Amino acid sequence: MNNQKQQKPTLTGQRFKTRKRDEKERFDPSQFQESIVQGLNQTGTDLDAVAKFLDASGAKLDYRRYAETLFDILVAGGMLGKEPLPEQRPVHSENVSFCSPYNKHLIRRYKYLEKGFEEEIKKLLLFLKGFTESERNKLAMLTGILLANGNISASILNSLFNENLVKEGVSAAFAVKLFKSWINEKDINSVAASLRKVGMDNRLMELFPANKRSCEHFSKYFTDAGLKELSDFARNQQSIGARKELQKELQEQMSRGETLKDIIAYVREEMKKTNISEQTMIGIVWTSVMSSVEWNKKEELVTEQAIKHLKQYSPLLKAFTSQGLSELTLLLKIQEYCYDNIHFMKAFQKIVVLLYKADVLSEEAILKWYTEGHLAKGKSVFLEQMKKFVEWLKNAEEESESEEEEGD
């Protein structure tokens, strides 16, 4: 029997020694906070020193892991959701330090901090009630500047729809200062584009409680606050939303086979309710009529299908072309539709002639469109198609005038 102890296996291989400069110190949030606050207190009010400290700290502290803690300190002094110690207040909190040059430099230096910064702003807005009115005003103005410069996304406004903030009027008051600052930096078009990009353009009414969530109240509130352009934008957005809903309902009524009499009555009622002009309404009706059917993909068959379909709905079109401007609007819509849908390019003239015979379009409207009212889209093609018919209209008009003179 072998009494010798069996040797345990050992791992052999090359050990790689990490360079000290490549090591990253690991901290828990409280230790990380303590390190940053201590460094900020040591730099005092020297912004260059602050910038150098934050830049250098990123090389050894885990900014990626503790981004939330970092911005809690820089933006809100570590005060969100907990009672701060006096020394935990950032040195520059009086000036809302997140807008200072060193913070911009920090985010530019460490790109991955952008998301954390935006999340911090969202969180900060949820705590607006914890700030004084003066602090809220400063924060609103600075948030507007950040939005104008593209440093943060307009999606942060979602925090303002918090029920408690809305109920106490904090959201609306904050929004006034924010939008004034934003528009002052850029313009209403820039604001509109940013809101649309994140789907906030139709949510501004949510700044008010449900019982005040109307276009009239929104318009008065912001107009009185000196933001008429924002009021006009919101009114226009609501109008666009109402038109989309109307168009959707019209298409559904057509697909259900509702009578033209009922559809016309419904549209007239909506015109009164929403104050939509006849010129706007004929555009909606035309789009609804043309969207209520699946069109043949073959050019030689789609014209026949279109004529049959429009013949059925010509009384509906006629009901909302009682004015010359409405007729011209319809002609422009037809031109645009035939240009945008290539299979309809050759159908334009036949559609116009059909609607002329159905008393939807008058010869005056057609002649005006032909001579000066047409769009640039497909101009040469459509004018050529209409040439013979327009000549016929002019000759018929001349014959009618000569007959009237002979009768006199």
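Predicted model only: the values in this text are computed from it and were never measured.
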### Query
So, Lys394 side chain and Phe389 main chain: donor-acceptor pair closer than 3.5 Å or not?
no
### Note, Thr280 side chain near Phe320 side chain (heavy atom, < 4.5 Å)
no
#### Entry: Glu270 and Lys273: CA distance, side-chain angles, deciding distance, salt bridge (Lys or Arg N to Asp or Glu O under 4.0 Å) verdict
CA-CA 5 Å; Glu270 286 299 308; Lys273 191 189 300 182; 3.2 Å; yes
### Query
Is any side-chain heavy atom of Lys377 closer than 4.5 Å to a side-chain heavy atom of Phe382?
no
#### Entry: Pairing of Glu120 and Lys123 as salt bridge, 4.0 angstrom limit
yes
#### Entry: Check against side-chain contact (heavy atoms from CB on, under 4.5 Å), Leu146 and Phe117
CA-CA 11 Å; Leu146 289 168; Phe117 179 58; 4.1 Å; yes
### Message
Could you report the tightest heavy-atom contact between Pro209 and Val166, atom names first, then the distance?
### Response
N-CG1, 3.4 Å
### Task
Could you grab the distance from atom CG of Asn162 to atom CG of Leu126, nearest 0.5 Å is fine?
5.5 Å
### Under 3.5 Å donor-acceptor, Glu118 side chain and Ser153 backbone
yes
### Task
Could you tell me if the ring centre of Phe222 sits under 6.0 Å from that of Phe218?
yes
### Query
Would you say the side chain of Trp295 lies within less than 4.5 Å of the side chain of Met290, judging by non-hydrogen atoms?
yes
### Donor-acceptor contact present, side-chain Asn149 to main-chain Ile145, <3.5 Å
yes
### Query
Is there side-chain contact between Phe208 and Ser171, with heavy atoms separated by less than 4.5 Å?
no
### Task
Salt-bridge test for Lys368 and Glu372: reply yes if a basic N is under 4.0 Å from a carboxylate O, no otherwise.
yes
### Query
Does Glu133 pair with Arg136 as a salt bridge, N-O distance under 4.0 Å?
no
### Message
Using a 6.0 Å cut-off, check whether atom CD of Glu304 has over 12 heavy atoms from anything other than its own residue.
### Response
no
### Task
State, yes or no, whether a side-chain contact exists between Asn341 and His343 at a heavy-atom distance under 4.5 Å.
no
### Message
Pairing donors with acceptors under 3.5 angstrom, does anything connect the side chains of Arg243 and Ser239?
### Response
yes
### Query
Regarding Asp201 and Gln237, is there a side-chain donor-to-acceptor distance under 3.5 Å anywhere?
yes
### Message
With a 4.0 Å cut-off on N to O distance, would you call Glu300 and Lys298 a salt bridge?
### Response
no
### Message
Please report whether the ring centroid of His374 lies less than 6.0 Å from that of Tyr370.
### Response
no
### Query
Under 4.0 Å between a Lys/Arg side-chain N and an Asp/Glu carboxylate O for Glu391 and Lys388?
no
### Query
What heavy-atom pair brings Phe131 and Phe127 nearest, and what distance separates the two atoms?
CD1-O, 3.3 Å
### Task
Would you check if the side chain of Thr287 reaches a backbone N or O of Gly283 as a donor-acceptor pair within less than 3.5 Å?
yes
### Task
Please answer whether the main-chain N or O of Phe344 pairs with a side-chain N or O of Glu299 as donor and acceptor at a distance below 3.5 Å.
no
### Task
Carefully, step by step, assess Asp262 and Thr259 under the rule side-chain hydrogen bond (donor to acceptor under 3.5 Å, both in side chains).
CA-CA 5 Å; Asp262 288 341; Thr259 65; 3.1 Å; yes
### Task
Evaluate whether atom CG of Asn211 has more than 12 neighbouring non-hydrogen atoms of other residues, nucleotides or ligands under 6.0 angstrom away.
yes
### Heavy-atom closest contact (Val198 atom, Ser155 atom, distance)
CG2-N, 3.8 Å
### Message
Name the residue from Met254, Glu249, Arg268 that meets the side chain to side chain contact (heavy atoms under 4.5 Å, CB included) definition with Ile263.
### Response
Met254
### Query
Do you know which two heavy atoms are closest between Glu185 and Ala148, and how far apart they sit?
CB-CB, 3.4 Å
### Atom pair CG/CD of Leu260 and Gln253 - distance to nearest 0.5 Å
10.5 Å
### Query
Would you say Glu163 has more than 12 foreign heavy atoms packed within less than 6.0 Å of its CD?
no
### Query
Where the side chain of Glu168 meets the backbone of Leu165, is there a donor-acceptor pair that is under 3.5 Å apart?
no
### Query
Got a donor-acceptor contact below 3.5 angstrom from the Gln305 side chain to the Asn296 backbone?
yes
### Query
Rounded to the nearest 0.5 Å, how far does CG of Leu332 lie from CD of Gln335?
6.5 Å
### Task
Using a 4.5 Å cut-off on heavy atoms from C-beta on, say whether the side chain of Lys346 contacts that of Val381.
no
### Query
Is Ile276 close to Leu246 at the side-chain level, that is, under 4.5 Å between some pair of heavy atoms?
yes
### Task
Evaluate side-chain contact (heavy atoms from CB on, under 4.5 Å) for Val285 paired with Val289, printing each intermediate quantity in order.
CA-CA 6 Å; Val285 171; Val289 168; 4.2 Å; yes
### Query
Any side-chain donor-acceptor pair under 3.5 Å between Ser326 and Thr329?
no
#### Entry: Side-chain donor/acceptor of Ser314 to backbone N/O of Lys311, under 3.5 Å
yes
### Query
CG of Leu124 to CG of Leu139: how many Å apart, nearest 0.5 Å?
5.0 Å
### Task
Establish, from distance only, whether the side-chain atoms of Gln323 and Glu327 form a donor-acceptor pair under 3.5 Å.
no
### Task
Check the pair Leu195, Leu204 against side-chain contact (heavy atoms from CB on, under 4.5 Å), reporting the backbone distance first and the verdict last.
CA-CA 9 Å; Leu195 292 174; Leu204 295 181; 4.2 Å; yes
#### Entry: Heavy-atom closest pair, residues Arg213 and Met205
CG-O, 3.1 Å
### Query
Quick one: OG on Ser159 to CD on Glu119, what's the gap to the nearest 0.5 Å?
8.5 Å
### Message
Are there over 12 heavy-atom neighbours, none belonging to Tyr337, within less than 6.0 Å of that residue's OH?
### Response
yes
#### Entry: Backbone of Asn189 reached by a side-chain donor or acceptor of Asp187 within 3.5 Å
yes
### Message
side-chain contact (heavy atoms from CB on, under 4.5 Å), that's the test. Do Asn158 and Lys122 meet it? Break it down for me.
### Response
CA-CA 8 Å; Asn158 194 58; Lys122 287 180 183 178; over 6 Å; no
## Note on the structure
For Trp182 and Leu157 the tightest heavy-atom approach is CZ3-CD1, 4.4 Å
### Query
Can you find a heavy atom in the side chain of Lys228 that is under 4.5 Å from one in the side chain of Ser219?
no
### Query
Say you draw a straight line from CD1 of Ile334 to CG of Leu361; how long is it, rounded to the nearest 0.5 Å?
5.5 Å
### Query
Do Arg203 and Glu206 sit within salt-bridge range, that is, some charged N less than 4.0 Å from a carboxylate O?
yes
### Task
Evaluate the ring planes of Tyr356 and Trp392, with Trp represented by its six-membered ring, and classify them as parallel (under 30°), tilted (30 to 60°) or perpendicular (over 60°).
perpendicular
